[in-house]
Amino acid sequence: MFRLIVVLAFTSFFVNDSYSQIDSAKEKRFNHYAGFQANLLIKQIINLNNNNTAINNPYLFTYAINHVKTGYGLHVGFGYDYNRVVTNNTQASRETKVDKLFYRIGVEKKYTLSKRFECGIGLDFTASREVDKTFSISVTNVGSGVDSAVTTVTEKTTSTGYGPQLSLGFHITEKIILGTEATFYFSAEKQNENVNIIDTFTDTFSNQKTVTSTNQNSGADTDNFDLAIPTALFLIVKF
């Protein structure tokens, strides 16, 4: 009988321990936050036709992972913009391409203020790259010949920085959050410009071509303090 009691006791201990491990494994350890900048969407939904506030936040997509118990975690932001403009007329044509990339990564701690509100305090590293390239062709008849010029202007701007971030989120539902943020970033920016001009003169009588080429480079370094007030609204899914 004693042996049976000992066996049952050990069996009960291991079964309870196994269930506790399963419950521990099922316990949620991290919260995930995936969001996108939704000002235009919200404007259409609630018809804010007279709201012309400039949005000084280039991060279109955000993601964060935070520990459930401590609130500490990591977050990232990403933004990309591309524009191309082509202008044509009888004497000249011009094409401009603007390529912009923004990203950041940081650490933060989230706090639960109430059932509906939560906030976060973080420190970010930021970086950006912008390339503005303009290609133009002009053709001019000067009587004794035809002068054509091909001009390529390339402007490249890169920056790195860091600074604090404050965020605030309102729970529309348990899983859907409407959030905003304020940032104060210090950044060091480098600007480089290259102007390349290839000029070709074609003599009307001899059809002889004369080609000249010039190339100029310039640059500048600037330091900036940028304060982004809470104008950007993010629609966030918490899971």
Side-chain angles (χ1 to χ4, degrees), residues 17-43 45-46 53-82 100-130 157-189 223-239:
D17 184 64
S18 298
Y19 276 115
S20 66
Q21 291 179 1
I22 294 174
D23 292 339
S24 177
K26 290 182 177 180
E27 183 180 357
K28 188 176 182 181
R29 297 180 59 191
F30 296 97
N31 286 322
H32 302 264
Y33 301 81
F36 68 95
Q37 200 171 131
N39 287 65
L40 294 178
L41 175 62
I42 295 172
K43 181 179 179 180
I45 293 175
I46 61 178
T53 303
I55 302 173
N56 185 25
N57 193 316
Y59 306 104
L60 302 179
F61 302 97
T62 61
Y63 171 77
I65 178 171
N66 295 78
H67 193 263
V68 172
K69 292 183 178 180
T70 65
Y72 287 102
L74 298 173
H75 61 230
V76 296
F78 173 81
Y80 180 75
D81 188 24
Y82 175 80
K100 300 178 182 180
L101 174 66
F102 307 89
Y103 61 92
R104 70 184 181 193
I105 183 170
V107 295
E108 70 172 355
K109 179 175 174 59
K110 286 191 179 294
Y111 298 89
T112 300
L113 301 180
S114 66
K115 185 178 180 180
R116 290 288 186 181
F117 287 94
E118 62 180 71
C119 69
I121 301 175
L123 181 65
D124 296 342
F125 168 80
T126 69
S128 67
R129 178 185 63 84
E130 179 178 345
T157 304
T158 58
S159 70
T160 57
Y162 59 90
Q165 177 196 139
L166 303 176
S167 62
L168 179 66
F170 172 75
H171 280 259
I172 301 174
T173 68
E174 182 182 358
K175 302 294 184 181
I176 305 297
I177 302 172
L178 184 63
T180 188
E181 64 182 38
T183 58
F184 187 71
Y185 292 152
F186 167 81
S187 61
E189 187 176 270
D223 295 330
N224 300 308
F225 281 105
D226 295 321
L227 173 63
I229 61 176
T231 55
L233 297 176
F234 293 89
L235 197 60
I236 303 167
V237 178
K238 180 180 179 180
F239 56 96

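All residue numbers refer to positions in the sequence shown, counting from 1.
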Can a donor-acceptor pair be found between the side chains of D124 and Y185 at a distance below 3.5 Å?
-> yes
Gap between atom CZ of F125 and atom OH of Y103 - 0.5 Å precision | 6.0 Å
Report, as yes or no, whether the 6.0 Å neighbourhood of atom OH on Y72 holds more than 12 heavy atoms from other residues, nucleotides or ligands.
-> no
Which pair of non-hydrogen atoms, one from T158 and one from R129, has the smallest distance, and what is that distance?
-> CG2-CG, 4.2 Å
For Y162 and T126, the nearest pair of non-hydrogen atoms, with its separation, is N-OG1, 4.2 Å
May I ask you to decide if T70's main-chain N or O and K109's side chain share a donor-acceptor pair within less than 3.5 Å?
-> yes
Parallel, tilted or perpendicular: which fits the ring planes of Y59 and F102, with parallel below 30° and perpendicular above 60°?
-> perpendicular
Would L60 and Y80 count as a side-chain contact (heavy atoms from CB on, under 4.5 Å) if you check the C-alpha gap in whole Å, the side-chain angles of each, and the deciding distance to 0.1 Å?
-> CA-CA 8 Å; L60 302 179; Y80 180 75; 5.9 Å; no
Which atom names give the shortest non-hydrogen contact between G71 and N66, and what distance separates them?
-> O-ND2, 3.1 Å
Output for pair (S167 OG, I236 CD1), nearest 0.5 Å, gives 7.5 Å
What's the verdict on side-chain contact (heavy atoms from CB on, under 4.5 Å) for F78 and L101, showing C-alpha distance, side-chain angles and the deciding distance?
-> CA-CA 8 Å; F78 173 81; L101 174 66; 3.2 Å; yes
Which distance, rounded to the nearest 0.5 Å, do you find between the CG of L123 and the OG1 of T183?
-> 12.0 Å
Taking all heavy atoms of G169 and all of I177, pick out the closest pair and write down the distance.
-> CA-CG2, 3.7 Å
Nearest 0.5 Å, what's the CG-OG1 distance between L178 and T173?
-> 11.5 Å
Start with the C-alpha gap between R104 and T62, add the side-chain angles, then the distance that decides, and say whether side-chain contact (heavy atoms from CB on, under 4.5 Å) holds.
-> CA-CA 9 Å; R104 70 184 181 193; T62 61; 4.1 Å; yes
Give a yes or no on whether the ring-centroid distance for H32 and F239 is below 6.0 angstrom.
-> yes
NZ (K175) with more than 12 external heavy atoms under 6.0 Å | yes
Do side-chain atoms of R116 reach the backbone of H171 as a donor and acceptor pair under 3.5 angstrom?
-> yes
Measuring from Q37:CD to T180:OG1, what's the distance to the nearest 0.5 Å?
-> 9.0 Å
Assess whether side-chain contact (heavy atoms from CB on, under 4.5 Å) is satisfied between E27 and K69, documenting all intermediate values.
-> CA-CA 11 Å; E27 183 180 357; K69 292 183 178 180; 3.5 Å; yes
Over all heavy atoms of both residues, which pair between N39 and T231 is shortest? Give the atoms and the distance, please.
-> ND2-O, 2.9 Å
If you take all heavy atoms of H75 and A64, which pair is closest and at what distance?
-> CB-CB, 3.6 Å
Roughly how far apart are I176 CD1 and K238 NZ, rounded to 0.5 Å?
-> 11.5 Å
Backbone of V68 reached by a side-chain donor or acceptor of N31 within 3.5 Å = no
Please check if the distance between the ring centroids of H67 and F30 is under 6.0 Å.
-> yes
